[in-house]
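Report on the structure given below.
Side chains are part of it too, since the values below use all heavy atoms of this structure and drop only hydrogens, waters and symmetry mates.
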Amino acid sequence: AAAFRSRLAHAPSTVHHSVIHRVFVYGTLKAGFPNAHVNRGQRVPGTFVTGEHWPLFIATEDHIPWLVARAGEGHAVTGELFEVDDAGLARMDALERIDDPLNWYERRTIEVRDRADPSAAPVSAFVYFGSEARLRAGPVHEGPLAEILPEHARRYLADDHDARIR
């Protein structure tokens, strides 16, 4: 376990000339959740929490998990950490509509840590933050929340865009 934590503490590694990225997922990309099929990464064992507090909502008519980039508000958010290659990251970016002019999500780097080991060194990982403007457009159903649970995911309504990302 110590060797694994040591490996996590270092910068992204290269395997077969592909960069491995760490991605913290808190909503539909989690294992067993509606968009898990898009996430082809390797799950890092454990449950992770954000180093800072962030507001997490269930928003829009589709009940989408929506993490907002307002550090210090909300809760330490619980999720999962995955290691993904460039192609896997591109699939996640496509799902989250990173380059969409309608301003859905943006990918940023935050720090997370293993929830079971509060003394563990924080790990840098990508996360997807939802647009403030789209959140304000509403509706907001719940939040701020500390974690997206299976009952939240059952209300999520995937659209045609989600179905095209396989």
Using atom types as modelled and distance alone, determine if a side-chain donor or acceptor of Asp85 lies under 3.5 Å from a backbone N or O of Ala87.
->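 Here the side-chain-to-backbone pair exists.
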
Exam field: side chain Thr109 to backbone Phe126, donor-acceptor pair closer than 3.5 Å =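 No: the side chain of Thr109 does not pair with the backbone of Phe126.
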
Ignoring hydrogens, what is the shortest heavy-atom contact between [X] and [Y]? Give both atom names and the distance.
| X | Y | value |
| --- | --- | --- |
| Pro45 | Phe48 | O-CE1, 3.5 Å |
| Arg70 | Glu73 | NH1-OE1, 2.7 Å |
| Arg113 | Gly51 | NH1-CA, 3.8 Å |
| Ala69 | Arg108 | CB-NH1, 3.3 Å |
| Ala125 | Val112 | CB-CG2, 4.4 Å |
| Ile58 | Leu145 | CG1-CD1, 3.7 Å |

Decide ring-ring contact (aromatic ring centres under 6.0 Å, His included) for Trp66 and Phe129; before the verdict, give the C-alpha distance in whole Å, the side-chain angles of both, and the deciding distance to 0.1 Å.
-> CA-CA 7 Å; Trp66 210 263; Phe129 283 112; over 10 Å; no

With a 3.5 Å cut-off and sequence neighbours excluded, list the donor-acceptor pairs that the side chains of residues 24-33 form with protein atoms.
{"residue": "Tyr26", "atom": "OH", "partner": "Tyr128", "partner atom": "O", "Å": "2.6"}
{"residue": "Thr28", "atom": "OG1", "partner": "Asn35", "partner atom": "ND2", "Å": "2.9"}
{"residue": "Lys30", "atom": "NZ", "partner": "Ile148", "partner atom": "O", "Å": "2.7"}

Quick one: do Arg155 and Glu142 satisfy salt bridge (Lys or Arg N to Asp or Glu O under 4.0 Å)? Show the steps, please.
-> CA-CA 12 Å; Arg155 289 183 235 134; Glu142 291 185 58; 2.6 Å; yes

Find the distance between [atom1] ([X]) and [atom2] ([Y]) and round it off to the nearest 0.5 Å.
| X | Y | atom1 | atom2 | result |
| --- | --- | --- | --- | --- |
| Arg115 | Asp117 | CZ | CG | 13.0 Å |
| Arg91 | Asp93 | CZ | CG | 11.5 Å |
| Arg43 | Leu81 | CZ | CG | 9.5 Å |
| Glu106 | Asp100 | CD | CG | 13.5 Å |
| Ile64 | Leu135 | CD1 | CG | 11.0 Å |
| Tyr105 | Leu67 | OH | CG | 9.0 Å |

Does Arg134 make a cation-pi contact with Trp104, if we ask for NZ or CZ under 6.0 Å from the ring centre and within 45° of the axis?
->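 Because its charged atom sits under 6.0 Å from the ring centre and within 45° of the axis, Arg134 does stack over Trp104.
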
Do Val84 and Arg22 pass the side-chain contact (heavy atoms from CB on, under 4.5 Å) test, and can you show the C-alpha distance, the side-chain angles, and the key distance before you say yes or no?
-> CA-CA 6 Å; Val84 301; Arg22 289 185 290 268; over 6 Å; no

Excluding sequence neighbours, so at least two apart, what forms ring-ring contact (aromatic ring centres under 6.0 Å, His included) with His141?
->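 His141: ring-ring contact (aromatic ring centres under 6.0 Å, His included) contacts with His63.
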
Return the set of residues passing side chain to side chain donor-acceptor pair (under 3.5 Å) with Thr60 (not counting sequence neighbours), or none when no residue passes.
->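 Counting only residues at least two positions away or on another chain, Thr60 forms no side chain to side chain donor-acceptor pair (under 3.5 Å).
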
What's the verdict on side-chain contact (heavy atoms from CB on, under 4.5 Å) for Glu147 and Val77, showing C-alpha distance, side-chain angles and the deciding distance?
-> CA-CA 6 Å; Glu147 183 174 7; Val77 174; over 6 Å; no

Hey, does [Y] have a side-chain heavy atom less than 4.5 Å from the side chain of [X]?
| X | Y | value |
| --- | --- | --- |
| Leu56 | His75 | no |
| Asn39 | Met92 | yes |
| Arg107 | Leu89 | yes |
| Val123 | Glu111 | no |

Between Asp86 and His21: side-chain donor-acceptor atoms closer than 3.5 Å =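 A pair is found: one side chain offers a donor N or O, the other an acceptor, under 3.5 Å apart.
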
Joint cluster assignment, Leu149 & Phe57, ILVMFWY side-chain distance < 4.5 Å =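 Not linked; separate clusters.
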
Output, in order, the C-alpha distance, side-chain angles, deciding distance and verdict of side-chain contact (heavy atoms from CB on, under 4.5 Å) for Glu132 and Val68.
-> CA-CA 7 Å; Glu132 278 272 3; Val68 181; 2.9 Å; yes

